[in-house]
Amino acid sequence: MQNLLHNLNQEQLQAVTLPAQSALILAGAGSGKTRVLTTRIAWLIQTGQISSGGVLAVTFTNKAAKEMLVRLSAMLPVNTRGMWIGTFHGLCNRLLRAHHRDAGLPQTFQIMDSADQMAFIKRLLKANQIDDEKFPPKTLMYFINSAKEQGLRPREVDAYDEFNRKLVQIYEMYEQQCQREGVVDFAELLLRTYEMLVHNQPLREHYQARFRHILVDEFQDTNDLQYRWLKLLAGVGTRTPAAVFAVGDDDQSIYAFRGANVGNMTAFEQEFAVENLIKLEQNYRSHGHILDSANILIANNSKRLGKNLRTDAGQGEQVRVMEASSDIQEANWILDEVRSLVREGSPYNEIAVLYRSNAQSRVIEHALFSANMPYRVYGGLRFFERAEIKHAIAYLQLMDNPHNDAAFLRVVNFPARGIGARSLEQLQDAARQHQLSLYAAVPYVAGKAGATMGQFVRLIESTRFETQSMPLPEMVDMVLDRSQLKQHYQTEKEGADRVENLEQLVNAAVLFVTEEGFGKDAPAFAGPRAENITVISSGDVQIVDAEAALPAVMSPLAAFLSHASLEAGDNQAQAGQDALQLMTVHSAKGLEFNNVFITGLEEGLFPHENSAQEEAGLEEERRLMYVAITRARRRLYLSFSQTRMLHGQTRYNLRSRFLDELPEESLKWLSPQTKPGWFSPPRKAAWDDNPASGVNQIASQMRKQGGQDNGWRPGQNVSHPKFGEGVIVQLEGSGSQARAHINFGKFGMKLLDLSVAKLEKI
DNA sequence: GGAAATATATTTTTT
DNA sequence: ATATATTTCC
């Protein structure tokens, strides 16, 4: 016990040892949040307040769940595999597998990821001859997902006009099709579990009685459905509600755009009768100037629960600020600074370059690549998203559930078997006519087309028969062979990587069965192991109690397929070697580095123009900046550029308002400070060793774009009586027709008539 | 069946 | 500018 608690500070200790009631922990960046969470679990178990099976811990990402498990097993001698620790979706998957009948799902239901869902909707529209111009798949996907996130089934959605009535109708068809195929999307995992517990009293009471302590990580990221899910499982409103330990940071809420609702934190305080609100404000990560910058920046937000980070580490170095003349020069400057950091002894992987949007990485990558500097870009294709892996997974899905039409369509003619669009049309007609899955409809297709597709069906059936008693890895290997997938890529000229990936899939299966505790030889198709199932009687009803461990609730194959959908794998490129870390600010959340560059600090980019119009959007951008700043331990660089290529056009941006919100005394300008805006007198700068970049390039661009100038030209700083200072981004028309696109920062882009607008050059 | 041409969008992302 | 999706053509 002493060991568990002795390294905690006052606030942390208080949080860890709170009584068994719901509590809200406001955990600032770098305040030891994960540590508090895991120590709390360990402490609860060690003091005998709960058994390891009575704890439920929820995270958003698999990475966070894994980290919690690792740390916990270092603290406690318990088998963490059997504990209910996981993502919302992972936990729901387990519950639904164990209770698939109560949930109205086939045991072999399969999970669609977002890409699958999008394809599914497109297919649905086509099959029902719905105009995808009038009803764009994207819109539908958003509509369906948000309906589900509000807990609404089609019949419960309010449709007040013709268009919305049609959307609801498609939503209904979507659901029926999902049910027919035995597939569920991500939101459905949550909603199904929620509904199952609402409607099934014994089951609900069973789990409410079981989980007396529920811990939630990144609570500020919960959406409405997740909140209701927690409320239900915790038994809020019952006589004996569970204790919910919610850890989050409203200042780091950066996912409102995908449904996260920070308001859940205040709702939680009230509805869960929180008596203990603890703020973890001691920061163990960053030096003083960095923290001051973060604190002062975020103080500009109005809707906050209120929190101020402090450190014992001393002020440290000032934050370095750089104004570049172009994005290319910005990249070259980064390159030089990185070189000098490395000379001073920093490893590459302790240096991160952050940007607001992915497109910005190009220019930086180009500079790094030319200089032969090792770097790693986060956010690429993940393992299970690769085409060849998706194909292999589709075969495996058909082994377990042949009625998955998406899987069927993906591989029925891959590798090519002479099954073209015409055959598939016939098949789709037959399927619609008989209300069957494509697979089941094959016998109803006559002629050569039917025969060829029949061969495919027999391929699936015979492979299933052959692999029936094989362990998962062997089965996967066999499927790769029988499907001809491997052979296909082996004969393709650029297929070597793909073959390698397919072989990796077999390794992934080996790793998976070992890690999840399936016996090494357990047949891939073997259902839940009987010895893991406890039947509990509750009055007249028998409840099969779900164990957390995967073997208790599903077959190795089903588990592996879930794994493929729920954990798409690492989204970073070549791991391993010491390399510079490039990523968006969003993907940097939760990470920390000794040295951080925040680049592209310009109006329109960061804050992004699409967010700057509304107050809420702007505040989220500011929180994003707060997240970015607090990634840095020792040295922080901020940079912006006068010009930048975006969508094939040169843009002239004002510097970000966020820069002006930082405390002057914490900043150290590396470039001469200019008026916000564009052109300062051409200067020969030490960092500019590339004559084609920087000022010279702008001069040549100006010559190109110059056109008729009456003194108006792109890049000119102007002042407007109403909109204040801005930069001319683009000119169009001439003479009395001349108009200018002007970026006014806070007021956004305006198109003004030059002969009318009262503009002044500055 | 697959390459070439054409259209289209382009903030952030996990499950 | 560029990547991706869809359509068109051989």
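Below, read A as the first sequence line, B as the second, and so on, with proteins coming before strands; counting in each chain starts at 1.
Remark: A:Asn610 is not in phosphate contact with B:dT12, judged by side-chain N or O atoms under 4.0 Å from OP1 or OP2. Put simply, A:Thr584 has a side-chain N or O that comes within less than 4.0 Å of OP1 or OP2 on B:dT13. Here A:Ser587 reaches the OP1 or OP2 of B:dT13: one of its side-chain N or O atoms lies under 4.0 Å away. For A:Lys138, a side-chain nitrogen or oxygen approaches OP1 or OP2 of B:dT10 to under 4.0 Å. For B:dT14, the OP1/OP2 oxygens have no side-chain nitrogen or oxygen of A:Asn62 closer than 4.0 Å. Look at A:Lys122 and you'll find a side-chain N or O under 4.0 angstrom from OP1 or OP2 of C:dT6. Contact annotation: A:Asn223 side-chain N/O to B:dT14 OP1/OP2 distance is not under 4.0 Å. Look at A:Arg362 and you'll find a side-chain N or O under 4.0 angstrom from OP1 or OP2 of C:dA3. For B:dT10, the OP1/OP2 oxygens have no side-chain nitrogen or oxygen of A:Arg356 closer than 4.0 Å.
One atom, OH of A:Tyr626, and another, P of B:dT12, lie 24 Å apart when rounded to the nearest Å. Rounded to a whole Å, the NZ atom of A:Lys126 is 6 Å from the P atom of C:dT7. When the P atom of B:dT15 is taken as reference, atom CZ of A:Arg258 falls 8 Å away, rounded to whole Å. Protein atom CD1 of A:Ile254 is 9 Å distant from nucleotide atom C1' of B:dT13, rounded to whole Å. In this structure, CD of A:Glu620 is placed 15 Å from P of B:dT11, rounded to the nearest angstrom. Atom CZ in A:Arg644 sits roughly 15 Å away from atom C1' in B:dT10 (whole-Å rounding). Residue A:Arg123 contributes atom CZ, which lies 18 Å from atom C1' of C:dT6 at whole-angstrom precision. Across the protein-nucleic acid pair, A:Leu591 atom CG and B:dT13 atom P stand 13 Å apart, rounded to whole Å.
A donor and an acceptor atom, one from each side chain of A:Ser565 and A:Asp113, are nowhere located under 3.5 Å apart. In the model, A:Gln117 has a side-chain atom that pairs as donor or acceptor with a side-chain atom of A:Tyr174 under 3.5 Å. The closest side-chain donor-acceptor pair between A:Asn261 and A:Asp224 falls under 3.5 angstrom. Checking A:Ser562 against A:Asn93 by side-chain atom types alone, a donor-acceptor pair falls below 3.5 Å. Using modelled atom types and a 3.5 Å distance limit, the side chains of A:Gln177 and A:Glu181 yield a donor-acceptor pair.
Of the candidates B:dT10, C:dA1, B:dT15, C:dA1 carries the atom nearest the A:Met645 side chain, counting heavy atoms from C-beta on.
A:Gly418 comes within 4.0 angstrom of sugar-phosphate atoms only, judged by non-hydrogen atoms across all strands, and of no base. At a threshold of 4.0 angstrom between heavy atoms, the contacts of A:Asp221 with the nucleic acid are absent. Note on A:Asn413: only backbone sugar-phosphate atoms sit closer than 4.0 angstrom, heavy atoms only; bases stay farther off. Residue-level contact check: A:Ser114 touches the bases, meaning some heavy atom is under 4.0 Å from a base atom. Contacts of A:Phe257 with the nucleic acid, taken as non-hydrogen atoms under 4.0 Å apart, include base atoms.
For B:dT12, the base is not stacked against the aromatic ring of A:Tyr255, per a cut-off of 5.5 Å between centres and 30° between planes. A distance cut-off of 5.5 Å between ring centres, combined with a plane angle under 30°, places A:His608 in a stacking arrangement with the base of B:dT11.
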Query raised in the report: What pattern of brackets, bars and dots sums up DNA chain B from 5' to 3', given Watson-Crick or G-U wobble pairs under 3.5 Å, [ ] for crossing pairs and | for another strand?
Result: ||||||||||.....
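Toward the 5′ end of DNA chain B lies the nearest nucleotide of A:Ser357, the other residue of the pair A:Asp113 and A:Ser357 mapping further downstream. If A:His488 and A:Ser611 are placed on DNA chain B by their nearest nucleotide, the residue sitting closer to the 5' end is A:His488.
Of the residues A:Asn653, A:Thr643, A:Asn743, the one that meets the side chain to side chain donor-acceptor pair (under 3.5 Å) test with A:Glu602 is A:Asn653.
The aromatic rings of A:Phe414 and A:His391 lie parallel to each other, with less than 30° between the two planes, well short of the 60° mark.
C:dA5 sits 15 Å from B:dT12 when the P atoms are compared, rounded to a whole Å. C:dT4 and B:dT13 have their P atoms separated by 15 Å, given to the nearest Å.
Judged by a 6.0 Å distance limit and a 45° cone about the ring axis, A:Arg623 is not positioned over the six-membered ring of A:Tyr626.
Aromatic ring centres of A:Phe257 and A:His586: separated by under 6.0 Å.
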